[in-house]
J.: 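Can you keep this structure in mind? I'll have questions shortly.
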Amino acid sequence: MKTGSFPYAFFQGKIVPIEDAKVSVMTNALQYGTGFFGGIRGYYNNEQNFVSLFRIEDHIKRFIDAAKILGGDLPYTSQEFKKNIIELVKKNQPKTNLYIRLFGYIGHTNLSPNFTDAHFDFSSYIIPLEEYMPMGKGLSLLVSSWQRINDNSISTLAKATGGYINSALARKEANENGYDEAILLNKFGNVAEGSAENIFIIRDNKLITPGFSEGVLEGVTRKSVLKVAEDMGIETVERPIERSELYIADEAFLTGTACQVAWIEKIDRRTIGNGKIGPITSQLRKKFFKIVNGEDEQYSKWCTKLEIEN
Ligand code: PMP
């Protein structure tokens, strides 16, 4: 997938044309993956001319937490991050759904990977984003032969740039074998998550997802779906999931900022449930899209609405 971007980025403390947001080939983060990132979706409403940013504060919090985990400083407070991101969206005046990338990185060019006295630079850019995973069909997934990184090798709670080599290897294996996405097992051999998505299964009307000790990212979409399900009276359980339990689930889906709520039709060529989107997934997905588009009063606090000029 080739990615275009909106014209302006936030780089070295100010908004600049995207062409000017450039770093040296010697940049430490480019050489060693010594960075971390975040991603926020914005939903454009063309009738009322606004963009609704989904859970911006939660994404910023996870981003700041990542700097703490890696042991370095960031140049802004959470309020300043929010202000900078909002200014960047307004400057770009987007008229499509979008994805905002936050990037913290070691911007110096010193040799050797080292977070001692680390100061992270910050940059941000925005791309138009509709579908990340095909939404019109059920996904076909492969349980990867690559194991999900564990928290004692690279923190699984920070979206650490270098850790995404693990995702890229699993995604390559899945895509080159004709699957849409990979599911990674963890060091215990239990189900962890997709290459950049959390996973849920439904069995006997219970919504089940692996807990944090299974090495999963604390997904903002994951926690939103858990809360919405509870509010709807659906029983939710966070516990280990065995590989073969995937095959006999009644329903299964992935969640993530990019993929949103994407239902799974097949895993390792076994059909999940009856091969159609299941009732609980369908209900949650419908509710999710209403919420993120800023059309559900009950969850309006999750959305930051920004007016866009005509
Ligand atoms: N797991 C991984 C490894 C991810 O990169 C992502 C994407 N951020 C997710 C899960 C989903 O998290 P979120 O819902 O916050 O986008």
Side-chain angles (χ1 to χ4, degrees), residues 1 3 33 35-43 53-66 69-70 85 97-104 124 126-127 129 131-133 139 141 144 146-151 153-172 174 180-187 190-201 207 209-229 238 241 252-262 264 284-285 287-289 291-292 299 302-303:
M1 183 169 59
T3 310
F36 57 97
F37 64 96
I40 305 169
R41 255 197 195 260
Y43 293 84
L53 303 182
F54 188 59
R55 302 195 74 163
I56 179 169
E57 286 95 353
D58 297 270
H59 283 286
I60 291 170
K61 171 146 193 348
R62 187 174 64 195
F63 187 75
I64 291 174
D65 284 350
I69 290 169
L70 301 181
I85 295 162
N97 290 339
L98 56 93
Y99 175 92
I100 306 165
R101 170 53 55 90
L102 316 182
F103 188 35
S124 181
I126 308 177
I127 58 168
L129 189 64
E131 280 189 2
Y132 173 77
M133 290 275 164
L139 301 177
L141 304 192
S144 181
W146 294 98
Q147 187 182 91
R148 163 83 173 146
I149 51 171
N150 76 75
D151 198 60
S153 55
I154 296 177
S155 166
T156 51
L157 292 180
K159 284 170 67 71
T161 309
Y164 281 80
I165 296 283
N166 181 236
S167 301
L169 288 167
R171 188 75 192 256
K172 173 182 167 72
D180 296 304
E181 176 57 301
I183 298 171
L184 290 100
L185 304 180
N186 61 22
K187 63 181 173 186
N190 297 329
V191 174
E193 58 184 352
S195 73
E197 307 87 19
N198 293 110
I199 189 164
F200 287 81
I201 61 169
L207 182 64
T209 195
F212 296 129
S213 47
E214 297 299 301
V216 305
L217 182 81
E218 201 166 13
V220 172
T221 323
R222 176 189 183 278
K223 90 173 161 185
S224 307
V225 165
L226 283 170
K227 170 80 175 102
V228 170
E238 293 178 60
I241 297 175
F253 61 88
L254 297 176
T255 64
T257 298
C259 84
Q260 307 169 101
V261 176
I264 301 168
L284 284 170
R285 188 160 90 148
K287 185 84 170 163
F288 175 82
F289 281 109
I291 294 170
V292 293
Y299 300 95
W302 285 353
C303 299

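Counting starts at 1 for both ligands and their atoms, following the listed order.
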J.: I'd like the name of whichever of Glu193, Arg222, Lys223 reaches closest to atom 1 (N) of ligand 1 through any heavy atom.
T.: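 Among Glu193, Arg222, Lys223, the closest heavy atom to atom 1 (N) of ligand 1 comes from Glu193.
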J.: Show the atoms of ligand 1 that are less than 4.0 angstrom away from any heavy atom in Gly219.
T.: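 So the atoms of ligand 1 that pass are 12 (O), 13 (P), 14 (O), 15 (O).
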J.: Within a distance under 4.0 Å of any heavy atom of Val220, pick out the atoms of ligand 1 and give their elements.
T.: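 Those atoms are 13 (P), 14 (O), 15 (O).
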J.: One thing to verify: whether Asp65 and Lys61 come together as a salt bridge, which I'm taking to mean a side-chain N less than 4.0 angstrom from a carboxylate O.
T.: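 Yes, Lys61 and Asp65 are salt-bridged.
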J.: Assess whether atom CH2 of Trp302 is packed by more than 12 heavy atoms of other residues, nucleotides or ligands within 6.0 Å.
T.: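 Enclosed: over 12 neighbouring heavy atoms sit under 6.0 Å from CH2 of Trp302.
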J.: Using a 4.0 Å heavy-atom cut-off, say whether Thr257 meets ligand 1 through its side chain, its backbone, both or neither.
T.: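 Both parts.
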J.: Under 4.0 Å from ligand 1, counting heavy atoms only, is it the side chain of Glu197, its backbone, both or neither?
T.: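 Backbone only.
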J.: Does Glu218 come within less than 4.0 angstrom of ligand 1, counting non-hydrogen atoms of the residue?
T.: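 So Glu218 does not count as touching ligand 1.
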J.: For residues Thr156 and Arg148, is any side-chain donor paired with an opposing acceptor at under 3.5 Å?
T.: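 Arg148 and Thr156 do not have a side-chain donor-acceptor pair below 3.5 Å.
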J.: Taking 4.0 angstrom as the limit and counting only heavy atoms of Arg62, give me the atoms of ligand 1 inside it, by number and element.
T.: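 Selected atoms, number and element: 8 (N), 12 (O), 13 (P), 15 (O).
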J.: Is there a side-chain hydrogen bond (donor to acceptor under 3.5 Å, both in side chains) between Glu181 and Ser195? Walk through the geometry before answering.
T.: CA-CA 7 Å; Glu181 176 57 301; Ser195 73; 2.7 Å; yes
J.: Please identify which atoms of ligand 1 are closer than 4.0 Å to at least one heavy atom of Tyr164.
T.: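 Contacts of ligand 1 toward Tyr164, numbered from 1: 2 (C), 3 (C), 4 (C), 5 (O).
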